[in-house]
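Okay, so here's the structure we're looking at.
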Amino acid sequence: MISAGWILPALVAAPAILAGLSLLARSPRAALRVGAAATAALALAAGCAVAQVFLHGPLQCAGGWFYLDALSAYHLAILMLVFVLCSCFAIVYFREEIAAGHFTRKLARRYQSLWFGSLAAMNLVLVSNNLGVMWVGVEATTLLSAFLICIHASPQALEAMWKYLLMCSVGVALAFAGILLLAATASTSLSGHDALLWTRLMNPAVTLNPMLVKVAFIFLVVGFGTKAGLAPMHSWLPDAHSQSPSPVSAMFSGILLTTAMYGILRYIPLVERATGNTGWGREVLVALGLLSVLVGAAFVIGQQDVKRLLAYSSVENMGIITLGIGLGGVGVYAALLHTLNNSLCKSVSFCCAGRIGQIYGSLDMRRIKGMLKVSPLWGGGLLAGLMALIGVAPFALFISEFLTVRAAWNQAAYWPMGLLLFGLGLVFIGVLRKAIPMAWEPPESAPKPLRTYRAEALLVWTPLALLLLLGLWIPRPLGAMIAQAAAVLGVTP
Amino acid sequence: MSIWNFSYAVLGLLLAPLLPGITNRTKAVFAGRHGQPLLQTYYDLAKLLRKGAVYSRTTSWVFRLAPPGGLACLVVALFLVPAGDFAAPLAFPGDLILLAYLLGLMRFMTVCAALDTGSSFEGMGASREVQFSALTEPALILGLAALAYATGSFSLSGIFGGVTRPDWLQVGPALVLVAAALLIVFLAENSRIPVDDPNTHLELTMIHEVMILDYSGPDLAFILYGASLKLWLLGALLVNIFLPLTGRSGPLQIACLVAGMFVVAVVTGVIESVMARLSLLKVPQLLVGAAALSVLGFVLMLRYAL
Amino acid sequence: MNAWTDIMLVVLILTTFWLLGSSRLASCIRICAIQGVATGLLGVVGGGITIRVAAISLAVIVLKGLAFPWLLSRALRESNTSHEVQPFVGYVASLLVGVVILGLSFWADSCLPSLSHVASRLVVPVAFALLIAGLFLIVARKTAVNQVLGYLVMENGIYTFGFGVVREIPALVELGVLMDVFVAVFVMGIAIYRINRTFDHIDSDQLTLLKG
């Protein structure tokens, strides 16, 4: 077991080294291609670690500073999946820009380096056992990904980047205050170096002052919640998502938010134990989740920009995940399943939306008409992605949303259930109203479709097929993975 | 009640006009001038008292009441200020509030008189005076309250008699804050730089001087003497905080305090020499800052007392 | 020993008030530098100096006292913006808000159960006050430089809290945090530079292209 543990620091170190090597890339195309291949290789390595965790139990290394249990392994699997998808898409997305000379070698080197840097930071978040190091990872993610937003320095992109940088830095700084509070209350019974190790904190012998833990949790939820895009701290999110290049938006929406969410998840068992399982922490999450669902839904209605629409849908989906976690029981399973579904679906949708935007030269949904005819692949992919997002039946998001509603029903939480259904209904109507003209209305002018290769179809249809499959049948290993991850959060089957 | 209880107030009545002289001399030294004689204020007072007063026809009894009324307020206030160990002649619990209100009453009379002249300049000065004093008063009261809390006494005599050397060691930071706030109050109340410039005669920038433009003869003498007394009065509060002399012999204490007053006058001169007058818009910032210092001092005292 | 800690904490609060009341960006940067140095000294004057404490304090002083001010003044010099703070909330009102924040943090501290490791009774409320005042500065000031300063004040508050309450954070974590803050300010500095180049100003309130 100990020898297998060494893969954890390697998962952080390898992308960090790759980030350095990317600066030596010979051409933009090479940078992106080699980057995608390297990400795929990393994904294989991570896959081994994940399999190890689910078959043989948690991995740890370096005196317990690195730790991978079912919860983080599950998130790691999603992370690598999204990164592989987005890295491959980046090759497609930047193709025309490279040909036109907009995506120069300098930009490509910077882009690929920051891309691997973000990957390293997110891996650090997932594999570290020390809550302080985890925080360092979250903050590093913010800083490294900030410049990804404004690879093409337009005024809008800069504005989005400034908002993202400031809001997330401030938010995450608040989270650190929460971590310190937690460490302060733990240091009565733990020696200094252990006071921030999650596995030590989980030891039932450690006494935590409930009042201080509550205050700490508020700080943490506000802090990491800002990064996870929970309302009312979400205002950076639509800007950053709409202004960054599509592979970056896809990565943000697919995994950056989820990683921050993972930060909150880590603390839930601690809070539950310290407050004597009164469900106080979960109630906070329910309230915040509902607010996010409603805010996201309200803003989806009036959107004209397709990427902003997807971004607000992200707010809504992060809300559903938070709500599911907050409801507990079946809700936790639903939330974890939804995390996977949302990540897959969001990445595909953003990729397709970016491509459609390139074809039409605009992201304004009033100008995108008849996309199914203009580009069957990307248009079809975007339509399918949008359908999946609003929870049309055979897709997996329907299942996870349905399970969340059922969790509310089981808990007799009728108000949250009603509000959730109301929010979902709003999104359903709002997106459908926009999606139908986009798909089928005759185009005003016929934009020249971009050249598509057969391999690109794979990029779009594989994740969507996966979503469809998960909607119909959840394979047993996946079910077991989610059950193990939920067990970490204190939910026993 | 011994002779020492009275001595400080009586000395104040006698020596107060010396303070502006010292301040002016300091400023002169800084500017490389010889400057006016130290006793200039005494000469001015003597000259003014010999002259007759001229009153504008538009003024009423309000205008004539202000100079003697203001002076009376200050003389009473002077007898509320303790000297080291020795309680003030008029000390009673709660006299710190009386002190603040005597200053307020005096200001009220001056402001009314300024308005009574019907001149727009004096009205402007009155308006500024009221605006700024509304900001200095919280600083003064909160500062005194902080000291009252720390010493557990509600009388000026108890408060300043209670500030001892061990206090400085224990609650030093808080005392420094309160003293800094009181220093700003001292400068503002006495119309000194950086709040007001006593030497300027540009109507647009003056505050205090503009209000007394219409006075002449004995009335002006009363006002000048009153200004010196106010300098002494508020200076004495500062000196009392900074010199914890408890337990020393009477003459030594009084001598130290009087010497302290002279030091305050010199410090005022130094401040006036090295600082520029703030623009009118920034004065409220400074005064609110002083109030903030007082609050901070108060909060710190609360914290130490716990 | 305790008295020195207290004095440093009072310096922290005073610089915060000063920052709330000052109108020149250049002097704001200087005040922030003073505050950074005071934050760094907090660890040294607390007594019990180990190599770890000394190294971290030195790093803090160098970063917050020298590197950040230099970086920010450079950003300020190269921008052709007005050098006034341009507040949304006036200076006097800001000072009053500062007083209210201070009162609130003392009140909040009295509500919390006391932490056993606290070096001085003032640490927790002062840290809270800095935290909230930093947030207030970010919200109440228009220029990007000032928002970074607000972030730094907040960060100082958190550092103070960490030093006063949990003395035993592993050095690795602490250095990591410091590193992150450094990079954050660095990145913000570059961002300010770029914003300035693109927009001709660094007033973040005029960044209003993105809405809804």
Side-chain angles (χ1 to χ4, degrees), chain A residues 65 130-133 135-140 142-144 146-147 150 153-163 165-167 169-170 172-174 176-177 179-188 190-196 209-212 215 238-239 242-243 299 302-305 308, chain C residues 108 111-113 115-118 124 127-128 131 134-135 138 144 147-148 150-151 154-155 157-159 161-181 183-188 190-192 194-199 202 204 206-212:
Chain A
W65 278 58
N130 187 310
L131 297 176
V133 175
W135 181 89
V136 170
V138 174
E139 173 71 10
T142 311
L143 301 173
L144 288 166
F147 279 114
C150 61
S154 71
Q156 286 90 341
L158 273 174
E159 179 179 336
M161 174 230 184
W162 180 254
K163 264 192 198 170
L165 191 59
L166 198 73
M167 281 197 69
S169 294
V170 167
V172 173
L174 284 179
F176 192 63
I179 294 176
L180 284 176
L181 261 174
L182 195 69
T185 165
S187 60
T188 45
L190 284 175
S191 81
H193 282 266
D194 290 348
L196 282 172
N209 183 322
M211 180 71 191
L212 285 175
V215 177
D239 296 349
S242 63
Q243 293 309 318
F299 279 93
Q303 277 315 316
Q304 306 296 352
D305 182 310
R308 285 183 89 83
Chain C
C111 292
L112 286 180
L115 298 156
S116 52
H117 290 259
V118 174
V124 178
F128 273 160
L131 195 73
L135 271 179
I138 292 172
Q147 292 179 337
V148 179
Y151 174 70
M154 230 181 106
E155 192 55 50
I158 292 173
Y159 178 87
F161 186 75
F163 226 99
V165 179
V166 228
R167 294 215 57 157
E168 302 260 312
I169 293 186
L172 196 66
V173 173
E174 212 150 357
L175 287 177
V177 171
L178 211 55
M179 175 79 187
D180 263 353
V181 174
V183 176
V185 175
F186 189 72
V187 168
M188 285 178 188
I190 299 173
I192 288 174
R194 282 204 187 180
I195 288 173
N196 175 50
R197 217 175 38 183
T198 314
F199 287 89
I202 50 172
S204 53
Q206 288 175 37
L207 300 178
T208 48
L209 296 169
L210 302 170
K211 275 180 187 155

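Chain A is the first sequence line, chain B the second, and so forth, proteins listed ahead of strands; every chain is numbered from 1. These numbers come from the heavy atoms of this one structure, side chains and all, not from hydrogens, waters or symmetry mates. Keep in mind that this is a model prediction, so the values were computed, not measured.
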Report summary line: Output for pair (S169(A) OG, Q147(C) CD), nearest 0.5 Å, gives 11.5 Å
Requested in this report: Specify which of L158(A), L131(A), T142(A) makes the most heavy-atom pairs with chain C at under 4.5 Å.
Outcome: L158(A)
Query raised in the report: Should L174(A) and M154(C) count as side-chain neighbours, where that means a heavy-atom distance under 4.5 Å?
Result: yes
Query raised in the report: Which atoms of V215(A) come close to chain C, meaning under 4.5 Å heavy atom to heavy atom: side chain ones, backbone ones, both, or neither?
Result: side chain
Report summary line: CE (M161(A)) and CE (M188(C)) are apart, to the nearest 0.5 Å, by 9.5 Å
**Report entry** Spacing of CG belonging to L165(A) relative to OH belonging to Y151(C), to within rounding of 0.5 Å
**Finding:** 8.5 Å
Query raised in the report: Side chain, backbone, both or neither: which part of L181(A) has a heavy atom under 4.5 Å from chain C?
Result: both
Query raised in the report: Between W162(A) and A144(C), which heavy-atom pair has the shortest distance, and what is it?
Result: CZ2-CB, 3.6 Å
**Report entry** Region of I158(C) that comes under 4.5 Å of a non-hydrogen atom in chain A
**Finding:** both
**Report entry** F161(C) versus A177(A), closest heavy-atom pair with distance
**Finding:** CE2-O, 4.2 Å
Query - Which atoms of A186(A) approach chain C - backbone, side chain, both or neither, heavy atom under 4.5 Å - result: neither
Query raised in the report: What part of Q304(A) lies closer than 4.5 angstrom to a heavy atom of chain C: side chain, backbone, both or neither?
Result: neither
